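A quick note: this is a predicted structure, and the numbers were derived from the prediction, not measured. What's counted below: heavy atoms across the whole structure, side chains too, no hydrogens, waters or symmetry copies.
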Amino acid sequence: MRTIEYEFKTPLTQGAEEIKKITLREPDAGALRGLKLADLLNLDVNTLHALISRISSPHVDKVTVKQISLPDLLDLGAELLDFFEAPSS
């Protein structure tokens, strides 16, 4: 399973913890349930928030994920799209 490490330009605060970096795992069918792939490909904010909260480590909850700055969210969205390309041989 592929993963992506991402370092935030603007760190997140979740409770007393500061999150500077997360690892995103390649989403499986369960992580994509209820989400429309077209919305993901269009970088829909709500879809990105839902998916990031499902596949991030450390876990970023649904409240904290809404703190992600726009530049970080766009970068994360572009990184997530890489999961939907066929692996190079």
Taking atom CG of L81 and atom CG of L43, what is their separation to the nearest 0.5 Å?
5.5 Å
Verdict with supporting geometry, Q14 and D61, side chain to side chain contact (heavy atoms under 4.5 Å, CB included):
CA-CA 8 Å; Q14 182 167 264; D61 63 36; 3.3 Å; yes
Which distance, rounded to the nearest 0.5 Å, do you find between the CG of D75 and the CG of L70?
9.5 Å
Nearest 0.5 angstrom please: R25 CZ to I55 CD1, how far?
6.5 Å
I want to check something: taking the side chain as every heavy atom from C-beta on, are Q67 and T13 in contact at a cut-off of under 4.5 Å?
yes
Do N42 and T47 come within less than 4.5 Å of each other through their side chains, counting heavy atoms only?
no
Nearest 0.5 Å, please: how far is CZ in R2 from CG in D82?
7.5 Å
Pairwise distance CG(L80) to CG(L73) - rounded to 0.5 angstrom
9.0 Å
The test is side chain to side chain contact (heavy atoms under 4.5 Å, CB included); show your working for H49 and K62 and say whether it passes.
CA-CA 7 Å; H49 284 169; K62 291 180 181 183; over 6 Å; no
To the nearest 0.5 Å, how far apart are NE2 in H59 and OG1 in T64?
8.0 Å
Could you tell me whether the side chain of L74 reaches within less than 4.5 Å of the side chain of P71, counting heavy atoms only?
no
Please evaluate residues L51 and L35 with respect to the criterion side chain to side chain contact (heavy atoms under 4.5 Å, CB included), reporting the C-alpha separation (whole Å), side-chain torsions for both, the decisive distance (0.1 Å), and the verdict.
CA-CA 8 Å; L51 186 57; L35 303 178; 4.0 Å; yes
Heavy-atom distance under 4.5 Å between the side chains of F8 and I68, does that happen here?
yes
Just wondering, do L76 and L48 contact through their side chains at under 4.5 Å, heavy atoms?
no
Taking the side chain as everything from C-beta on, heavy atoms only, tell me whether L12 gets closer than 4.5 Å to I22.
no
Taking the side chain as every heavy atom from C-beta outward, state whether I4 and T23 have any pair of such atoms under 4.5 Å apart.
no
Could you check whether any side-chain heavy atom of K20 comes within less than 4.5 Å of a side-chain heavy atom of K9, counting everything from C-beta outward?
no
Quick check: does any side chain N or O of R54 sit under 3.5 Å from a backbone N or O of P27, one acting as donor and the other as acceptor?
no
Quick one: closest heavy-atom pair of L37 and F84, and the distance?
CD2-CE2, 4.0 Å
